[in-house]
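One structure below.
For ligands, and for the atoms within them, numbers begin at 1 and follow the listed sequence. Numbering of residues begins at 1 and proceeds along the displayed sequence.
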Amino acid sequence: DAAGGAPVVLRGVAAAPGQALGPVLVYRPAAPVAPVLPIDPAQTSVEQARVAAALAGAQAELDRLAEEVAGALGPEEAAIFSAQALMATDPLLSDRAAELVAAEHYPADAAILAAADEQAALLAAIDDPYLRERAADVRDVGRRAARIARGEPAPADLRRLPGPVVILAEDLSPSETAGLDRAHVLGIGLSGGGPTSHAAVVARALGVPLVCGLGAFAAHDGQPALLDGDGGWLTLDPGPDAQAAHDAWRAARGRAAAADTGLRDLPAETRDGRRIRLAANAGSVADAQQAAGAGAAGIGLLRTEFLFLDHRPDEAEQEAAYRAIYAALPGCEVVVRTLDLGGDKPPPYLDFGREANPFLGWRGLRVALDEPDLLRTQLRALLRAGAGRAVHVMFPMVTTRDEWRRARALVDEVRAELAAAGTPAPAQLAVGIMVEVPAAALLAPVFAAEADFFSIGTNDLTQYTLAADRGAARVAHLYSPIHPAVLQLIARTVEASHAAGHWTGICGEAAGNPAWAPLWVGLGVDELSMAPAAIPAVKRAIRGMAAGAARTLAAQALAQATPADVEALLTAARAAET
Ligand code: PEP
Ligand code: MG
C-alpha cells in the first residue's frame with residue numbers, strides 16, 4: 001500500500017470463519033468514569049453551567065438521533081430517542097445534578113451520573129413494568145450527558161457505519177454485535193474476547209468473520225486490513241498482494257458452497273449406519289430461515305434472549321416471533337430455550353447491579369425464577385404459538401433439582417391455565433434441561449428421571465469445569481471443550497439420558513467443529529446443533545466415519561490427561577483413515 005507501512009501480522013484466535021479486506025474502523029466505547037475529585041467550591045456556578053450545557057447537548061444529540069432513526073428504521077424505534085431527549089430536559093434531573101455540585105462539590109459529569117442513577121433507582125423500584133424499563137433510559141441519558149460534559153466525542157455508531165469497514169475493538173457486547181450494520185461490516189478483530197463469547201456466537205450467525213484475542217495493537221481509522229477468521233490472524237497494511245489473495249479466497253469459497261449444495265439432502269449417517277440429527281442454533285427468524293436452507297433437521301437451540309436483547313417483549317410479540325420461527329421450518333423439531341439473561345447478556349430492562357463474577361451470578365434460570373412474570377409470559381407465548389404441534393422447551397443454567405422442579409411446575413401451571421381458558425394446546429410437550437453446569441452433569445441420573453431430554457451447552461460447561469471465563473483472552477489457553485474432564489461429564493450425561501430412554505444433544509460451539517465430530521458420535525450424542533453454516537462440514541465428517549471406530553476413539557479419549565492428548569488421538573485416527 002502506497003500510504004501504509006510494512007505489513008504487521010497479528011495472531012489471534014479464529015472465532016467466526018471467513019475473510020475480510022477493507023479499511024479499519026477503530027471502535028472505542030465511551031470511556032469508563034474516572035474517580036470523583038471534589039471541585040473547588042468557588043467553581044460551583046461554572047460547574048453548574050457545564051451541567052446545563054451537557055444536558056442541552058445530550059438533548060440535541062438525541063433529537064438528531066430520533067430524526068435519523070425515524071428515517072432509517074421507523075417511528076417506533078425513533079420514539080425511544082425522542083423520549084430520552086425529553087428526559088434530558090427534565091428539571092428533576094438538572095436540579096438534582098446542580099444540587100450535587102453545590103452540596104457535594106461534584107464535578108459536572110459525576111453530578112449528572114449520580115442524579116441519573118438516583119432517578120433510575122426510583123423508577124426501577126416502581127411496580128409498573130413500563131416505568132421500570134425507563135430506568136435504563138434515564139441511565140443512558142446520564143451517561144451521554146456525562147460524556148459530553150467531559151468533552152469526549154460520541155463513540156462510532158455501530159448500527160450505522162460510514163461504509164464497508166473492518167471493525168477493530170477491545171471487545172464487543174452481544175447486543176453491539178447483534179445490532180451491527182450488516183450491510184457494511186466486513187469483519188471484526190478484537191484485542192480480547194474468546195471464541196465462545198456471545199459476540200462470537202452472534203458473528204458466526206451473521207456470517208461475519210471474527211478474530212479475537214489479538215492482544216494490544218495500534219491501528220487507525222482507514223488503515224487497510226486483511227482479516228482471516230479461519231486462520232485467526234489480522235494483517236494491517238497488508239500490501240499490494242492482499243486483493244489477489246482475497247479474490248482467491250472468494251473463488252475457493254464459491255466452489256465449496258457449490259459442493260455443499262450437493263450434500264444438502266443426504267442424511268448425516270456414518271458409514272456403518274448410525275444417524276445423527278444435525279440441527280441449527282438460531283437467535284432470529286433470519287437464522288431459522290438460513291437453517292432451513294442449510295438442510296438442518298430442526299433447531300436444537302433457539303436463543304430466545306437474542307430476539308429481545310434491547311427491550312422486554314410482551315406476550316403477543318413473543319408469540320408472533322415463535323410462530324415465525326416454527327413457520328420457517330415446517331414439521332421440524334424446534335427446541336426453545338427460555339430467556340438466558342445475565343452473564344455477558346444483561347438486558348437494559350433488568351437491573352443487574354454490579355456483579356464481581358456475572359457468569360457465576362444472577363444468570364439464566366436464576367433470573368427467570370426470580371422474575372416469574374418474565375418466565376410465565378414467555379411460556380404462555382410459546383405454548384400458544386405451538387398449538388397443535390410438538391413443543392420442546394428447555395431451561396438454561398440448571399444447577400439444582402429444586403430450580404428445575406420449580407421451573408417445570410411453572411410450565412405445568414401455565415399449561416393448565418391456558419387449558420382452563422380453552423386455548424388450543426400443543427399436541428406434545430417435552431421439557432428439557434441444558435446441561436452446562438458441572439453439577440447438572442454429575443447428577444445427570446437424578447435429572448434424567450424427571451426431564452424429557454438433555455442438551456449439553458459445552459460453551460458454559462467448559463468454562464465452569466475448567467474455571468476459565470469463555471470471554472477472557474488471557475485464559476483462553478486453558479479453555480478446551482475436548483479437555484478429558486469435560487469429555488467425562490459429557491459421557492456421564494449421555495449415559496444417564498440413554499438409561500432413562502431420553503436423547504441428548506450438544507448445542508455449544510463444539511458441536512460445529514468437524515474435527516471433533518468423532519468424539520461426539522463416539523460418546524453416543526444423538527443431536528449436534530450448530531451455526532447453520534457449519535452443517536455441511538460436520539455432515540461430511542459424519543458420513544466419512546464409522547460409529548464403531550468412533551466409540552473406540554472416544555473411550556481412549558476419556559482416559560487421557562490433556563486436550564493435547566485428545567487432539568493427538570484425533571489426528572492419528574484421521575491419518576489411519578486415509
Ligand atoms: C452453551 O453454553 O454451550 C450454550 C449453547 O449456551 P450459550 O452459548 O448461549 O451460553
Ligand atoms: Mg450457555
* Asked: Do you know the tightest heavy-atom contact between Arg384 and Arg323?
  -> O-NH2, 3.2 Å
* Asked: Is Thr458 near ligand 1, meaning one of its heavy atoms is under 4.0 Å from it?
  -> yes
* Asked: Atoms of ligand 1 less than 4.0 Å from Arg303 heavy atoms?
  -> 4 (C), 5 (C), 6 (O), 7 (P), 8 (O), 9 (O)
* Going by heavy atoms in the side chains, are Val367 and Glu305 under 4.5 Å from each other? -> no
* Mind telling me whether Phe395 and Trp404 have parallel, tilted or perpendicular rings, with 30° and 60° as the class edges? => perpendicular
* Identify, by atom number and element, the atoms of ligand 1 in contact range of Arg363, meaning under 4.0 Å from any of its heavy atoms. => 10 (O)
* How far is atom 7 (P) of ligand 1 from its nearest protein heavy atom, and which residue and atom name does that atom have? -> His198 NE2, 3.2 Å
* To do: Answer whether the closest heavy-atom distance between the side chains of Leu302 and Tyr322 falls below 4.5 Å.
  => yes
* Asked: Which is closest to atom 4 (C) of ligand 1 in terms of heavy atoms, Met434, Arg470, Glu509?
  -> Met434
* To do: Quick one: look at Met530 and ligand 1, take heavy-atom pairs under 4.0 Å, and tell me if it's side chain, backbone, both or neither.
  => neither
* To do: Would you mind running through ligand 1 and noting each atom that sits below 4.0 Å from a heavy atom of Gly457?
  => 1 (C), 2 (O), 3 (O)
* Residue pair Met397 / Glu436: nearest heavy atoms and the distance that separates them -> N-OE2, 2.7 Å
* Backbone, side chain, both or neither: what part of Leu301 comes under 4.0 angstrom of ligand 1, heavy atoms only? -> side chain
* Asked: What is the OE1(Glu436)-the Mg ion (ligand 2)-OD2(Asp460) angle, to the nearest 10 degrees?
  -> 100°
* To do: Pull out every atom of ligand 1 sitting under 4.0 Å from any heavy atom of Cys507, numbered as shown with elements.
  => 5 (C)
* Asked: If you count the atoms of ligand 1 from 1 in the order shown, which ones are under 4.0 Å from a heavy atom of Lys345?
  -> 9 (O)
* Asked: Residues two or more places apart in sequence or in another chain: which of them pass side-chain contact (heavy atoms from CB on, under 4.5 Å) with Ser455?
  -> Met394, Cys507
* **Glu305 N/O to ligand 1 N/O under 3.5 Å** => no
* Quick one: do the His198 and Asn459 side chains pair a donor with an acceptor below 3.5 Å? -> no
* Asked: Does a donor on one side chain and an acceptor on the other come within less than 3.5 Å for Asn281 and Ser529?
  -> yes
* Asked: Given Val437, Asp460, Asn459, which one has a non-hydrogen atom that is nearest to atom 10 (O) of ligand 1?
  -> Asp460
* Tyr326 side chain near Val336 side chain, heavy-atom distance below 4.5 Å -> yes
* Do me a favour and list the nearest non-hydrogen protein atom to atom 6 (O) of ligand 1 with residue, atom name and distance? => Arg337 NH1, 2.9 Å
